[in-house]
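The structure under discussion appears below in the form of structure tokens.
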Amino acid sequence: MGKTVLILGGGMGGVVAANVLRKKLAAEHKIILIDQSQDHFFYPSLLWVLDGGRTPAQIVKRLDRLDRKGIIFRQAAVQKIDLAEKKVLAGGESFAYDYLVIALGAEHNYAALPGLTPERSLFDLSGILAAKEKLKTFTGGKVFVVVAGAPFRCPAAPYEAAMILNDIFRRKGIRDKVDLRLFTVEDQPMPVAGPKIGAAVRGMIEAQGIKYFPKYKITSINDTNSEIVFENGEKHNFDLLLVVPPHKAPDVVKDAGLLGETGWLPVNANTLAAKTPGVFAVGDITGVKLSNGKALPKAGVFAHFEAEVAAKRIAEEINGKTPTDSFNGGGSCFLEVGGGRAGLAFGDFYGVPDPKVTMLSPLKLWHWAKIIFEKWWFWKWF
Ligand SMILES: Cc1cc2nc3c(=O)[nH]c(=O)nc-3n(C[C@H](O)[C@H](O)[C@H](O)COP(=O)(O)OP(=O)(O)OC[C@H]3O[C@@H](n4cnc5c(N)ncnc54)[C@H](O)[C@@H]3O)c2cc1C
């Protein structure tokens with residue numbers, strides 16, 4: 001009797017899970033992937049849209065391409081997850097499942113910051129395009145990158161954005177006319193990677209003349225006078241503002257009673273199994289506590305490796321074998337520093353008592369490695 005594996009979310013975790021399952025399971029078993037969007041969005045390339053390295057069309061792939069591989073794609077918003085009945089309501093249609101993989105990612109919580117819109121967001125295409133448009137005629141002024149809340153996806157991204165902006169201004173010959181600042185709620189860059197990596201990243205941005213303001217919590221944006229206000233009472237006027245929005249788990253996951261006290265979905269750190277039998281979760285939606293008490297960062301590399309493990313374990317179970325695959329907390333991430341160079345951080349995030357992370361110095365090689373990875377990603381999964 002064929003089984004049905006239902007995957008919610010066609011982002012980095014969801015597409016990997018769907019592909020791996022399809023490869024491991026016979027055709028009698030159905031793999032259905034549901035996403036509200038028609039496109040898979042490759043976020044690691046989003047910041048390259050800002051400096052013209054990519055067009056928006058170059059960083060997406062249509063999810064219905066998966067149909068060719070025998071993966072059923074449905075474009076629909078997930079409305080309800082019914083764990084007791086093993087059913088999901090999406091786009092008004094009911095989907096029964098034997099196994100469920102939740103890969104719905106993290107949502108931007110605009111309501112949590114008065115004045116924030118997608119057009120001001122560093123993590124939305126509309127925000128990147130609005131900034132790119134403004135940069136065309138920009139001749140100088142105050143440019144702020146602000147991290148509004150933690151955790152957020154890709155701990156390196158705001159630092160990369162500031163350095164890419166620095167490079168844009170340098171190439172335009174207006175760097176000396178720009179006051180470039182990075183405000184963040186964090187107490188250091190990439191906190192989970194430890195103080196040494198944090199100091200290295202801080203050193204990189206400060207060497208580019210980017211002023212760094214840790215432990216700054218933004219409380220509102222006022223568009224009429226282009227002003228941001230911080231919890232400590234400081235007010236600053238800006239000419240260009242890009243904000244990393246506060247993140248939250250999608251309501252549909254909360255409504256299913258799946259969230260833990262951290263506000264994210266707790267899973268077994270090695271198997272990615274949720275508390276309910278047959279239910280797995282991967283990627284940004286999950287909350288995985290590390291040995292030092294911090295949370296595993298939200299990053300595509302973890303969504304990818306977790307999805308491989310969850311998919312293999314489900315396939316082994318369906319194929320009557322004992323699941324053996326285990327996620328070990330290994331991961332790496334490129335850090336774009338502008339000028340066509342990138343650093344590379346990698347390590348064991350399940351290290352005890354702390355994650356063991358190493359950072360390799362910026363080189364053109366790592367920038368090219370990221371470009372090759374992007375191409376491999378689309379080739380491998382689509
Ligand atoms: C600017 C930027 C740069 C980044 N760079 C890197 C990098 O260099 N390296 C790295 O490892 N990570 C990077 N990341 C992080 C990475 O993109 C995420 O960690 C990764 O996408 C998480 O994968 P996911 O599958 O958990 O979620 P996502 O990829 O976000 O996918 C979630 C999917 O669920 C869908 N969805 C949500 N709610 C619903 C609903 N109710 N109904 C139907 N569908 C729904 C969404 O449409 C989406 O397709 C970056 C992120 C950003 C924003």
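All values below come from the heavy atoms of this structure, side chains included, with hydrogens, waters and symmetry mates left out. When a ligand or atom number is given, it counts from 1 through the structure's own listing order.
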| When you check the gap from the basic side-chain N to the acidic O, do R170 and D167 get nearer than 4.0 Å? | yes
With respect to [atom], which of [options] exhibits the smallest heavy-atom separation?
atom	options	result
atom 47 (O) of ligand 1	L46, D35, I34, I7	D35
atom 22 (C) of ligand 1	T286, L47, D284	D284
atom 53 (C) of ligand 1	F152, F305, F334, F123	F123
atom 25 (O) of ligand 1	G13, A161, A77, A106	G13
atom 51 (C) of ligand 1	F42, F41, F373, Y43	Y43

| request: State, without any angle test, whether W377 and H40 hold a side-chain donor-acceptor pair at a distance under 3.5 Å. | output: yes
| Under 3.5 Å, is there a donor-acceptor pair between the K69 and N19 side chains? | yes
Please work out, at 4.0 Å between heavy atoms, whether the side chain, the backbone, both, or neither of [X] comes within that distance of ligand 1.
X	answer
A299	both
K370	side chain
Q36	both
A76	backbone

| request: Just jot down the ligand 1 atoms closer than 4.0 angstrom to any heavy atom of K298, in number order. | output: 19 (O)
| Any C333 heavy atom less than 4.0 Å to ligand 1 | no
Nearest protein heavy atom to [atom], by residue and atom, and its distance?
atom	answer
atom 9 (N) of ligand 1	P44 CG, 4.1 Å
atom 41 (N) of ligand 1	V78 O, 3.4 Å
atom 14 (N) of ligand 1	C154 CB, 3.3 Å

| said: Exactly one of V178, I210, L182, L135 should register a side-chain contact (heavy atoms from CB on, under 4.5 Å) with L165. Which one does? | reply: L135
| query | To the nearest 0.5 Å, what is the distance between CG (L104) and CD1 (I7)? | reply | 11.5 Å
| query | Checking R153 against Y43: charged group under 6.0 Å from the ring centre and within 45 degrees of the axis? | reply | yes
| said: Considering both backbone and side-chain atoms of G300, is one of its nitrogen or oxygen atoms within less than 3.5 Å of a nitrogen or oxygen in ligand 1? | reply: yes
| query | Would a hydrophobic clustering, with Ile, Leu, Val, Met, Phe, Trp and Tyr connected at side-chain separations under 4.5 Å, put I164 with F183? | reply | no
